[in-house]
Amino acid sequence: MSRAWLLLLAGLALVLPHGAPDRDGRPLGRRLLGPFGSLAAAWEWVAFDAAVHEGQDEAAWLAARRALSWDPLPPAGWIRLAEHLWFLRGSAERVPDPSERTRWFVAGLEVLQEGVEASADPAQVALVRARMLGLYLAPLVADGAIAWPGGLEAVAGAAREAMALAVELGADPSLPEEFEDPLEAFEREHAEGHGHDHDH
C-alpha cells in the first residue's frame with residue numbers, strides 16, 4: 001500500500017467519530033465531519049430557539065430540520081421538534097379547529113417516526129411516540145378537541161402498536177415517566193417566561 005493511501009486512512013481515522021453507531025444514516029460527507037457536525041447542529045438549535053421566541057414558525061422548522069440533518073443521532077432533537085409541532089403550532093390557542101389541529105399532530109408523529117429510524121436511541125423516541133398517542137392525543141380525541149380519522153378506537157390501536165414497537169426496540173414501559181402527562185413534561189423542561197402558548 002502506498003504512503004499516500006496510508007496517510008489518507010490515517011486522516012479518516014482521526015476525523016471519523018469513534019464508536020459511531022451503525023444506525024448513522026448521514027451521508028458520508030457529513031459523517032466525515034465528526035464532531036463538527038454536532039457543533040453545526042448545536043448552532044442550528046440555537047437558531048431554532050431564537051426563531052421560536054420571535055414567533056417565526058417557518059424559520060424554526062427549517063432550523064430544526066437543518067440541525068437534524070447535521071446530527072440525527074441524539075433522540076432529544078426529534079422529540080424537541082415533535083413537541084414544538086404538538087404543543088405550540090398545534091395548540092388550541094393557535095389552531096382552534098379540531099380538523100386543522102389534526103395535521104400538526106400527524107406531523108409530530110411523523111417526525112418521531114423519522115427519529116425511530118435515524119436516531120441512536122430508537123427505543124426512547126418510540127416510547128415518547130407511544131406515550132404521546134396514549135396519554136395526550138387519546139384524551140383530546142375523546143373530548144372532540146382533535147378530529148382524528150377513525151376516532152378514539154383508531155388512536156388506541158395506534159398507541160398499542162407504538163408501545164409494542166417501543167418494547168421491541170428495548171424500551172422499558174414500566175418507568176414512572178410513562179404515566180406523566182407529555183405536556184406537563186414539555187412545560188417543565190422549558191424555562192418560564194418564554195411567552196409561548198400551550199394547551200391546558
Side-chain angles (χ1 to χ4, degrees), residues 23 25 48 52 55 57-58 60-62 64-65 67-69 72-190 194 196-200:
R23 295 178 55 84
F48 168 83
V52 169
D57 292 335
E58 188 60 24
W61 165 260
L62 293 174
R65 296 305 309 192
L68 293 169
S69 174
L73 298 182
W78 300 99
I79 297 168
R80 188 176 185 180
L81 178 55
E83 289 177 338
H84 170 71
L85 297 175
W86 292 328
F87 302 138
L88 295 180
R89 300 193 71 171
S91 67
E93 289 83 358
R94 291 194 182 190
V95 190
D97 182 76
S99 297
E100 285 295 314
R101 293 188 73 192
T102 302
R103 153 172 94 93
W104 293 110
F105 282 82
V106 169
L109 292 170
E110 288 176 347
V111 164
L112 288 189
Q113 185 57 44
E114 284 187 69
V116 169
E117 298 169 2
S119 80
D121 190 352
Q124 180 180 347
V125 181
L127 187 57
V128 170
R129 191 173 186 275
R131 290 171 177 164
M132 185 62 200
L133 282 161
L135 296 178
Y136 190 74
L137 183 58
L140 290 177
V141 172
D143 291 341
I146 299 290
W148 199 261
L152 182 58
E153 183 178 351
V155 175
R160 287 192 295 269
E161 292 177 3
M163 184 59 73
L165 174 61
V167 172
E168 180 182 335
L169 291 171
D172 182 359
S174 67
L175 294 177
E177 288 82 1
E178 178 187 358
F179 305 101
E180 183 175 42
D181 186 315
L183 178 56
E184 291 180 3
F186 172 78
E187 291 179 332
R188 187 182 62 252
E189 291 169 1
H190 289 70
H194 282 185
H196 300 323
D197 51 341
H198 303 307
D199 284 336
H200 292 285

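A 4.5 Å side-chain heavy-atom check between Trp148 and Val106 finds at least one atom pair inside the cut-off.
Using bins of under 30°, 30° to 60° and over 60° for the plane-to-plane angle, the ring pair Tyr136/Phe87 lands in the perpendicular bin. Ring planes of Phe48 and His84: perpendicular class, angle over 60° (limits at 30 and 60°).
Taken from CD in Glu100 to CD1 in Ile146, the straight-line distance is 11.0 Å, to the nearest 0.5 Å. Rounding to the nearest 0.5 Å gives a distance of 9.5 Å between CG of Leu85 and CG of Asp57. Interatomic distance, Leu140 CG to Trp86 CH2, rounded to the nearest 0.5 Å: 11.5 Å. Here Arg89 contributes atom CZ and Glu58 contributes atom CD; the two are 6.0 Å apart, rounded to the nearest 0.5 Å. One distance of note links CE of Met132 with CD1 of Ile79; it measures 12.0 Å at 0.5 Å rounding. To the nearest 0.5 Å, atoms CD (Glu93) and CG (Leu88) are separated by 10.0 Å.
In terms of heavy atoms, Ala142 sits closest to Leu152 at CB-CD2, 4.1 Å. Across Pro72 and Ser69, no two heavy atoms sit closer than the pair CD-O, 4.1 Å. The shortest heavy-atom contact between Ala123 and Ala171 is CB-N, 3.6 Å. Closest heavy-atom contact between Val52 and Ala60: CG2-CB, 3.7 Å. What you find for Ala64 and Leu81 is that their closest heavy atoms are CB-CD1, 3.7 Å. Taking all atoms of both residues into account, the shortest heavy-atom contact from Leu133 to Ala162 is CD1-CB, 3.8 Å.
Residue pairs meeting the side-chain hydrogen bond (donor to acceptor under 3.5 Å, both in side chains) criterion with at least one member in residues 103-116, sequence neighbours excluded, are Arg65-Glu114, Gln113-Glu117.
In this structure Ala147 satisfies the side-chain contact (heavy atoms from CB on, under 4.5 Å) test together with Pro98, Ser99, Thr102, sequence neighbours excluded. Among residues two or more places apart in sequence or in another chain, the side-chain contact (heavy atoms from CB on, under 4.5 Å) test is passed with Pro75 by Ser119, Asp121, Gln124, Val125.
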